[in-house]
Protein chains: 2
Amino acid sequence: MTQRKKEIYIQAANLFKEKGYPAASMRDLADRVGIEASSLYSHIKSKEQILIEICQSCGDLFNKGIDEILNVEDSLKFKLFRIIDLHLNIAQNRPSSIVVFTDEWKHLPESALLDFRQSRKSYENKFEQLIKLGQESGVFKKEMKAKLIVNMIISSLKWTLNKKETLNSDKTRDEIKLFIHNAVIT
Amino acid sequence: MTQRKKEIYIQAANLFKEKGYPAASMRDLADRVGIEASSLYSHIKSKEQILIEICQSCGDLFNKGIDEILNVEDSLKFKLFRIIDLHLNIAQNRPSSIVVFTDEWKHLPESALLDFRQSRKSYENKFEQLIKLGQESGVFKKEMKAKLIVNMIISSLKWTLNKKETLNSDKTRDEIKLFIHNAVIT
DNA sequence: CCTACCGATCGGTAGG
DNA sequence: CCTACCGATCGGTAGG
């Protein structure tokens with residue numbers, strides 16, 4: 001990946017985040033990169049392809065991240081905290097891409113949409129298994145369905161997207177973990 | 001508001017939800033209503049105006065809803081549960097509009113955007129005051145900032161949008177309330 | 001990487 | 001509510 005191509009992907013993520021994918025034009029993007037719109041196509045295949053790659057790479061970050069957490073020997077409680085940090089770290093390190101991944105995936109073309117849903121499903125299933133394991137061993141509360149707990153946790157973290165100071169504050173991160181700790185740990 | 005105009009707003013909300021505002025065309029909308037695109041403009045002023053009214057009316061639902069809850073004499077804990085039901089009820093009763101309100105507000109024109117942010121801010125401030133009151137009286141946990149609690153709660157409920165069976169299930173609603181109860185009630 | 005350009009589609013108007 | 005149409009803009013290609 002050349003420097004120019006990287007620059008295009010970075011600016012595309014910024015632009016898609018700000019305007020939304022359909023409202024972001026290739027001419028907007030070219031302006032930000034500092035070249036003509038037609039010149040973009042020497043580096044990229046299509047507008048769609050940029051969206052596909054942004055969404056795929058974010059999905060991979062989540063799945064690789066959770067795999068690493070689950071494969072290390074730790075308490076289930078600590079693994080849950082590491083998953084929370086995984087979400088916050090991705091938001092911190094890829095502030096534009098993560099918003100595109102979260103808000104613009106519905107504009108993916110059909111085949112990439114199937115991949116996206118599969119990747120997300122795979123992630124949620126791993127997360128759910130962790131919760132179920134904790135419920136069986138008495139670490140996590142049993143009164144709520146594991147799938148609901150996963151949905152509540154993932155959803156609850158999304159307000160932090162785009163909130164740089166929140167993501168940078170260890171104190172705020174601790175409060176987020178405390179909220180979820182109170183919600184699910186026995 | 002004539003029947004035809006109502007129909008246009010309903011179909012517009014459905015369409016904006018499905019495709020996103022920028023990708024939804026007035027020709028799409030006209031097809032769903034069963035008239036020509038140009039005929040839409042006998043009933044509505046512009047595409048933008050539809051978005052503005054959808055977002056305004058949802059904002060009003062939240063603000064009127066919370067005002068009613070806060071003005072009735074109830075325990076703070078019960079008021080919190082009523083706020084949760086307010087969110088779930090709006091999602092249940094206006095399944096398309098609420099998604100447009102949540103996901104498409106950034107496409108509002110400048111002046112409407114100011115109104116939108118003000119309405120949302122107003123809602124969040126009232127919610128925050130309730131949490132602070134509860135923290136002072138020892139009903140809600142003090143270890144987390146009130147604003148963070150509000151953000152976590154509002155965000156945590158958003159996964160239920162578009163999940164009709166979740167919104168229709170009293171049992172699931174109870175689990176959602178239990179999650180939040182555990183998180184914030186002493 | 002640029003100039004020049006394509007067909008398609010956009011929101012919206014004129015006039016009836 | 002329709003036919004006919006407008007200028008603007010879209011993603012993308014040809015050719016150099």
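Per chain, numbering begins at 1; letters A, B, ... match sequence-line order.
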Query raised in the report: With a non-hydrogen cut-off below 4.0 angstrom, is B:S38 in contact with a base, only sugar-phosphate, or nothing?
Result: base

Report task. Just call it for A:S25: base, sugar-phosphate, or nothing, with non-hydrogen atoms closer than 4.0 Å on any strand. Result -> sugar-phosphate

Query raised in the report: How would you give the extent of chain A contacts on DNA chain C, as first and last nucleotide 5' to 3' within a 4.0 Å heavy-atom cut-off?
Result: C:dC1 to C:dA4

Query raised in the report: Do you see a donor-acceptor pair shorter than 3.5 Å between the side chains of A:E7 and A:Q3?
Result: no

Query raised in the report: How about B:H87 and B:Y123: are their ring centroids closer than 6.0 Å?
Result: yes

Query - Residue met sooner reading DNA chain D from 5', once A:A24 and B:I35 are mapped to nucleotides - result: B:I35

Requested in this report: Between B:R4 and A:R27, name the one whose nearest nucleotide on DNA chain D is closer to the 5' end.
Outcome: B:R4

Query - Base paired to D:dT9 (Watson-Crick or G-U; both N/O distances under 3.5 angstrom) - result: C:dA8

Query raised in the report: For C:dG15, which nucleotide in any strand shown is its Watson-Crick or wobble partner with both distances under 3.5 Å?
Result: D:dC2

Query raised in the report: Applying side chain to side chain donor-acceptor pair (under 3.5 Å), which residue pairs with at least one partner in residues 35-47 of chain B are found, sequence neighbours left out?
Result: none

Query raised in the report: For the atom pair CG (B:L76) and OG (B:S137), what is the distance rounded to the nearest 0.5 Å?
Result: 5.0 Å

Query raised in the report: Between B:F116 and B:W105, what is the ring plane arrangement, given parallel below 30°, perpendicular above 60°, and tilted in between?
Result: parallel

Query - Salt bridge A:E175-A:K171, side-chain N to carboxylate O under 4.0 Å - result: yes

